[in-house]
Amino acid sequence: MSIGYACLVLGEGNTAFSRCLLKNATDDNIRSITLTNLLALENIIDYNTKNNITLFRISSDIIPFGSHPINKLNWQAEFSETLSRIGEKIKNAGIRVSMHPGQYTVLNSPIDKIADNAVAELNYHALFLDAILTDSKSKIVLHIGGVYGDKSKSIDTFLNNFYALPEFVKKRIVIENDDKNYTAYDVLKISEMAKIPVIFDNLHNMSNPSEGSNNQYDWIELCSKTWGKTDGKQKIHYSQQKPTGNKNAHSSTINIREFMDFYEELNDKNIDIMLEVKDKNLSAIKCINATNNSVSIGEIEKEWAGYKYLVLSCSASFYNDIRNMLKDKNNVDVISFYGIIERAMLLPENIGAQINAAEHIWGYVSTKCTPADKKRFEKLINGYKNNTVNVSSLKKHLLNCAIKQNVKYLKNSYYFYL
DNA sequence: TGACGTCAAGATCCG
DNA sequence: CGGATCTTGACGTCA
């Protein structure tokens with residue numbers, strides 16, 4: 001089993017993607033952004049390798065306008081060396097990568113131009129996965145598309161357009177139940193006809209449930225049968241609802257207790273779980289550690305190094321609870337460890353705790369900083385005390401100081417990114 | 001016509 | 001000028 005995350009990394013430098021607008025999409029711009037993005041991807045792969053993360057979704061934005069006629073570059077040839085170097089790293093680390101064109105790639109659109117664009121987009125995704133030397137276990141996740149007032153006709157359109165795809169694209173396609181049109185039942189029916197593996201998405205299944213009495217574990221079991229030998233392990237999408245607002249919005253972090261309840265109910269644990277969550281890699285590491293019965297205290301101490309200032313900035317007493325918990329190195333309850341961190345972050349903003357944490361961090365950078373940085377820190381912290389400055393401004397300045405002085409221990413602290 | 005979702009780029013405003 | 005904050009873009013569907 002692997003647990004992974006989508007597209008971007010929090011708390012690690014040189015992993016951010018660049019983009020350009022259509023009006024700026026010159027060959028030179030596309031070329032330089034492509035290179036930036038490939039090097040960012042390489043850093044992400046290195047990060048995943050270091051953190052034992054073996055499931056990852058590559059952003060569709062990796063090649064700017066990858067399926068758009070404005071991009072005339074032969075990027076596969078131009079960047080072949082970098083692409084195959086990244087591919088080798090992915091293979092050596094045993095990472096399974098995938099891609100997922102968004103809700104605007106609609107293969108079954110009745111408008112020819114839009115369906116053609118979808119074909120071009122799927123081609124581009126397959127070309128990219130080919131260029132990094134992955135096999136057919138690296139999938140392209142696709143929704144069925146629109147309904148257009150006639151679901152069975154729209155399913156036929158989907159099937160016809162799917163059959164017409166080139167083989168190198170078709171072998172990578174997997175289909176997913178969506179949040180309003182096609183239920184798990186619908187998608188399985190399509191899978192039966194076209195032999196396409198099915199990704200089950202738990203949150204979509206909640207907002208757009210199938211008829212009948214099957215629960216989500218039944219659907220996962222049914223979907224498992226659609227994954228053949230050349231497709232690799234069954235993969236599902238797992239996310240939790242954001243407590244407030246839109247019911248389809250993803251939560252800021254994975255609640256570990258709720259995840260473990262789900263995980264323990266799975267009939268077959270030999271399954272790949274793609275998390276869809278705002279804090280990305282952080283939730284992936286959390287779930288990987290929580291499901292690893294033999295996780296080392298070293299891994300948890302590494303996590304604590306990431307979270308400690310964040311927890312301190314929310315509550316000194318929760319901070320002390322975790323410190324005490326970690327003293328007994330043979331008996332650390334990983335679920336409780338993450339549970340306290342989650343509870344700390346749900347507390348209302350505690351000005352005293354924020355000031356305490358900011359001054360604590362300031363202690364690491366204050367002696368080597370410039371007078372201007374010192375002045376700015378004092379201005380910001382006084383402003384925060386007087387309620388005229390947002391805590392995020394204070395954090396941003398502290399991060400700038402840590403980056404300038406290259407204090408790695410601080411730079412990677414989750415305090416700055418959540 | 002605007003809401004939906006995403007997230008960096010671009011624009012604008014402030015000191 | 002640097003920083004903070006708001007708006008735009010690129011995609012297609014549906015009410």
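Reminder, nothing fancy here: chain letters follow the sequence lines and each chain counts from 1.
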Produce the list of close N/O pairs, under 3.5 Å, pairing protein atoms with atoms of nucleotides 10-12 of chain C; give distances to one decimal.
unit_1	atom_1	unit_2	atom_2	d
dA10(C)	OP1	Leu22(A)	N	2.5
dG12(C)	OP1	Asn117(A)	ND2	3.4

Task: Option among Tyr415(A), Trp304(A), Tyr307(A) that satisfies the ring pair (Phe, Tyr, Trp, His ring centres under 6.0 Å) test with Tyr319(A) - done: Trp304(A)

- [ ] Find the distance His143(A):NE2 to dT13(C):P and express it as a whole number of Å.
- [x] 14 Å

- [ ] Answer with base, sugar-phosphate or nothing: what part of the nucleic acid does Lys280(A) contact at a heavy-atom distance below 4.0 Å?
- [x] sugar-phosphate

Open item on the list: I'd like to know if Arg257(A) and Asp261(A) make a salt bridge, using a cut-off of under 4.0 Å between side-chain N and carboxylate O.
Closed with: yes

TODO: Using the closest heavy atom to pick a nucleotide of DNA chain C for each, name whichever of Gly145(A) or Arg376(A) lands nearer the 5' end.
DONE: Arg376(A)

TODO: Using whole Å, report how far CG of Leu399(A) lies from P of dG3(C).
DONE: 12 Å

Open item on the list: Under 4.0 Å, heavy atoms only, any strand: does Lys180(A) hit a base, just the sugar-phosphate, or nothing?
Closed with: nothing

Task: Nearest-nucleotide 5' precedence on DNA chain B, Lys379(A) against His250(A) - done: His250(A)

TODO: Flag the pair Tyr217(A) / Phe262(A) as yes when their ring centroid distance falls below 6.0 Å, and as no otherwise.
DONE: yes

Open item on the list: Whole angstroms only, please: what is the CG-P distance between Asn400(A) and dA4(C)?
Closed with: 8 Å

Open item on the list: Does dA4(C) have its OP1 or OP2 closer than 4.0 Å to a side-chain nitrogen or oxygen of Ser393(A)?
Closed with: yes

Open item on the list: In this structure, how many angstroms lie between the P atom of dC7(B) and the CD1 atom of Ile62(A), rounded?
Closed with: 15 Å

Task: Summary of ring pair (Phe, Tyr, Trp, His ring centres under 6.0 Å) pairs that have at least one residue in residues 29-73 of chain A, sequence neighbours excluded - done: Tyr5(A)-Phe56(A), Phe65(A)-His68(A)

Task: Position toward the 5' end of DNA chain B (nearest nucleotide), Phe17(A) or Asn248(A) - done: Asn248(A)

TODO: Indicate whether any N or O donor in one side chain lies under 3.5 Å from an N or O acceptor in the other, for Gln240(A) and Asn255(A).
DONE: no

Open item on the list: Applying a 4.0 Å non-hydrogen cut-off, can you work out what Asn24(A) is touching in the nucleic acid: base, sugar-phosphate, or nothing?
Closed with: sugar-phosphate

Open item on the list: Could you check whether Tyr309(A) and His360(A) have their ring centres less than 6.0 Å apart?
Closed with: yes

- [ ] Provide, to the nearest angstrom, the distance between the CG atom belonging to Asn29(A) and the P atom belonging to dA9(B).
- [x] 11 Å

- [ ] Using the side chain to side chain contact (heavy atoms under 4.5 Å, CB included) rule, pick out the option among Val119(A), Val106(A), Leu107(A) that qualifies with Asn161(A).
- [x] Leu107(A)

Task: Between C1' of dA8(B) and CG of Asn37(A), the distance in whole Å - done: 11 Å

Open item on the list: Does Gly102(A) reach a base, just sugar-phosphate, or nothing at all? Heavy atoms under 4.0 Å.
Closed with: nothing

Task: Per Leu8(A) side chain, nearest of listed nucleotides dA8(B), dT6(B), dC14(C) - done: dA8(B)

Open item on the list: What is the distance, to the nearest angstrom, from the CG atom on Asp179(A) to the P atom on dC14(C)?
Closed with: 12 Å

Task: Length of the line joining His397(A):NE2 and dG3(C):C1', which is rounded to integer Å - done: 12 Å

